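The block underneath contains the structure these notes are about, expressed in structure tokens.
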Amino acid sequence: MKRRPFSLPVRLILHDLGILLNVPGVMALCSVPVCLWFGEYYAIAPILATATAAIVPGQLLYRLFPETGEARLRHAMLVAAIGWGMISLLGAIPFWGIATILSVSQNTPQTVLEFQNPWNALFESFSGFTGTGLSVAINASELPRSLQWWRSFTEWIDGVGIIVLVLAVLEPAMDAYQLYSAEGREKKISLTVNATVQKILWIYALYTVLSIVLLVVLGMPLWDSINHGLTGVATGGFSVRDDSIGTYSPVIQLAVVLIMIVGAISFPIHYQLLTQRRWSILWKDAQHRTLWLLLGIGTLVLFVENFWLSGTFLWTDSLFQWVSALTTCGFQTVELQPWGSGVKLLLSVAMIFGGTAGSTAGGLKLKRVVTLYRGVLWRFQQLFLKPHELMRYKLDNEVLTEAKAYRQFHAAATLAMLWIVSLSIGVFALLHFVPSEYILSDIILEAASALGNVGLSTGITDPNLHWAGKLTLILLMWVGRLEIVPVLLLFVSLLATASRVTNQK
Amino acid sequence: MSLANNFETISQKVSVGDCFIIVQSHSMKLIILGAGPQGSKLAELALKDGHKVTIIEAEEQRAQAVLQKYNVKVFHANIAQGGILDEADADGTDALIATTSDDSANLMAMFLGKERNIKTLISMVNEPSHQGLFERLGVHVIVEPETIVAHHLYSQLKRP
């Protein structure tokens, strides 16, 4: 019998990565009509190159490692971590390629030329495929239509990706962090997309179309509506305008607020709303109740804080920026740098919290925020317990056993700790590469924005930022989108393999 | 209403009207000994009427199960352990109901309840010959399910 290279889990991972590589390939092929429609024929070569660079190795891996099988949670996480990085690397090709081709021409705008620097191309692609929306394109309106489309499309696909990741990989395992518990390690995970997830993706598509229609009806130009519809529901945040949503009327801004909130509601809940019409679920579910409370209270506090600092009423701006931060969308209507440090820190907290689990939003996710809050309450309740009294662990209308309650809290607390450590490392690293006009609160906001896949920026994200600064932000975006654990797992696995290879020699 | 009915059938010495007033007029604090089938069902009925329920159960699994099911305070302890009624705040309690299958535990609970001047003391009696023992304490007694059903049927008969 022929001896096969690699162990079975590795072969399964390579097989799955082969399938995932089709994603940027098919995306590139879908983008060709956009180039043709707008007569940007120079863009076709880089986009076809992307398709080739994705599909050829993808098919090779797929055919060389034909075994299919149910991967364990660990393997599914590794596939997600590597896959997300790999797709983002390939997604940089159109930026770099189009910029390089256009650099021959005299009147190419500076914004486009910046993408000749591979770091800028990589940054934009990672920002897109992680649904972040931090952009090194200073004047996004000057980008070719093909690149504007590519940016928006990457964010929209990220929305699909995160829904599938959570619903097909992480949720069936109860919680991603059951990795620590015995069942989690043994649980078999299938990477296939089941019928419910398929329906949920249709809802995602439907909401995208409705958002585009809404924006067109309210007077946004069609091309802008398509792009903002795609990046709004995906809570991505790339814009095709230099001033993001600040370009448009307050009515359109409020419509965008609505779209961002829709994107931050858990899609399984959307599914229940559409199929059963039970509106009460939006309030009964603890995660969503928290979303509404945070949206309301946050807007008010931000408004008061802004009034305190500047003495002007910034109703719409406070509302818009707060919603944008909490839903991790990242559209902006104002320059953030002149705002006070207190406001920036508040926005950073919103960006750390993020939207609901099961939506396209990033951040810690409100489900974990609720669990952490409950855990703190439990700690205090225990202090008041009598010697023989049993503790009642209630979470989200369900009474849990002590073991389960602690596992949930442990998972959420672990992630929160990892989140804070990542943020601190990110802030510390950025401090060394950021121009001196930016103060600490600017840097915290930028790092929280990258880690929470938001996209609000104080201006630190810039084509002229030191490459190490861009790399820091790229790593934060990647780590944040996958909720840290899968990426840590990847590093640990690589280290373990490396040490095994060294020992064999 | 169902709880009121139970009261009515089980307590020959208290008039029907009295009991009805107790149940309906205000939210009571009840301590139930035992989280077996009868104990937890009683808790369910009492909770439905808006009363506060505390359960004392010696067996951990039963204690956990009733805790998951109902919004009640649960003490995992044996009634024979000293001070458990004080822990359960017996002084402010309106009624103590013993539902275990162990008459000695039930009797002990009734004694302790009497000592703390709990207004209403009710106990299940598993061995009919113990009935007198309980009644001498001034406890309302429920002897065997069959007897309860018979009483209930008989009370229906008395009504026109």
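Because the structure is a prediction, the values reported are computed rather than measured.
- A 6.0 Å sphere centred on CH2 of A/Trp202 holds no more than 12 heavy atoms belonging to other residues, nucleotides or ligands.
- Few gaps surround CD on A/Gln276; more than 12 heavy atoms of other groups in view lie less than 6.0 Å from it.
- For a residue to count as touching a neighbouring chain, one of its non-hydrogen atoms must lie under 4.5 Å from one of that chain's; by this rule A/Leu400 touches chain B with the backbone only.
- In this structure, A/Lys386 places its NZ atom where more than 12 heavy-atom neighbours from other residues, nucleotides or ligands lie under 6.0 Å away.
- For a residue to count as touching a neighbouring chain, one of its non-hydrogen atoms must lie under 4.5 Å from one of that chain's; by this rule B/Gln81 touches chain A with the side chain only.
- Side chain of A/Arg392 to backbone of B/Lys73: no donor-acceptor contact under 3.5 angstrom is found.
- A distance-only check finds a donor-acceptor pair linking the side chain of B/Glu87 to the backbone of A/His388 [under 3.5 Å].
- In terms of the ring pair (Phe, Tyr, Trp, His ring centres under 6.0 Å) criterion, residue partners of A/Tyr204 (sequence neighbours excluded) are, by chain and number, A/Trp156, A/Phe267.
- Neither the backbone nor the side chain of B/Ile56 has a heavy atom closer than 4.5 Å to any heavy atom of chain A.
- Residues A/Thr401 and B/Gln64 are not in side-chain contact: their nearest non-hydrogen atoms beyond the backbone lie 4.5 Å or more apart.
- Qualifying side chain to side chain donor-acceptor pair (under 3.5 Å) partners for A/Glu398, counting only residues two or more places apart in sequence or in other chains: none.
- With rounding to the nearest 0.5 Å, the separation of CG in B/Leu67 from NZ in A/Lys394 is 11.5 Å.
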